[in-house]
Amino acid sequence: LLEVLENTDILMDVLNAAAMGSGVRVQIGSENKRDEINDCSIVTATYSVGSDTIGTIGILGPTRMDYGKVTAMVDCIAEALSELLTAGNGRKVI
């Protein structure tokens, strides 16, 4: 897992694939397109400025995670980011 986290190519590939959809996405084990994370699960959500998707956040963890709690957290954070960024009229908020 640490090797995967250190490899930005893998992480970018996973997050870019998640950015193709909207809302919260859950990929468990072998549903992951990358072999390196087949023993893990990833919960992702996109965030936006207005109607433009600008990023993806996610949690990578074990396949036995509390999906209800993690899904709710990721969704809440993505919504909060979208609201903050949209309220800032598209200005970057760091």
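All values below were derived from every heavy atom in this structure, side-chain atoms included, with hydrogens, water molecules and symmetry-related copies excluded. Positions are given from 1, in the same order as the sequence printed here.
In this structure, the side chains of Arg25 and Val43 stay at 4.5 Å or more apart for every pair of heavy atoms. Between Ser41 and Gln27, every side-chain heavy-atom pair lies at or beyond the 4.5 Å cut-off. Looking at heavy atoms from C-beta onward, Val74 lies in side-chain contact with Ile57 at the 4.5 angstrom threshold. At a threshold of 4.5 Å between non-hydrogen side-chain atoms, the residues Thr71 and Val26 count as touching.
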Please assess Ile77 against Tyr47 for the test side-chain contact (heavy atoms from CB on, under 4.5 Å), listing each intermediate value before the final yes or no.
CA-CA 9 Å; Ile77 293 168; Tyr47 56 95; over 6 Å; no

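Legend: salt bridge (Lys or Arg N to Asp or Glu O under 4.0 Å) pairs involving residues 56-85, not counting sequence neighbours: none detected. Within the structure, side chain to side chain donor-acceptor pair (under 3.5 Å) pairs that include any residue of residues 50-60 do not occur (at least two apart or interchain).
A side-chain donor-acceptor contact under 3.5 Å links Ser82 to the backbone of Ser48.
Put simply, CD1 on Ile59 and CD1 on Ile42 are 9.5 Å apart, with the number rounded to the nearest 0.5 Å. The OG1 atom of Thr63 lies 11.0 Å from the CG atom of Asn38; values are rounded to the nearest 0.5 Å. Atoms CG and CG, from Leu60 and Asn32 in turn, are 8.0 Å apart once rounded to the nearest 0.5 Å. Note that SG of Cys76 and CG of Leu81 are 10.0 Å apart. Values are rounded to the nearest 0.5 Å. Atom OG of Ser30 is separated from atom CG of Asp35 by 10.0 Å, given to the nearest 0.5 angstrom.
Residues Thr46 and Ala78 approach most closely at O-CB, 3.5 Å, considering heavy atoms.
In this view, Arg34 and Asp13, Glu36 satisfy the salt bridge (charged side-chain N to carboxylate O under 4.0 Å, His left out) rule, not counting sequence neighbours.
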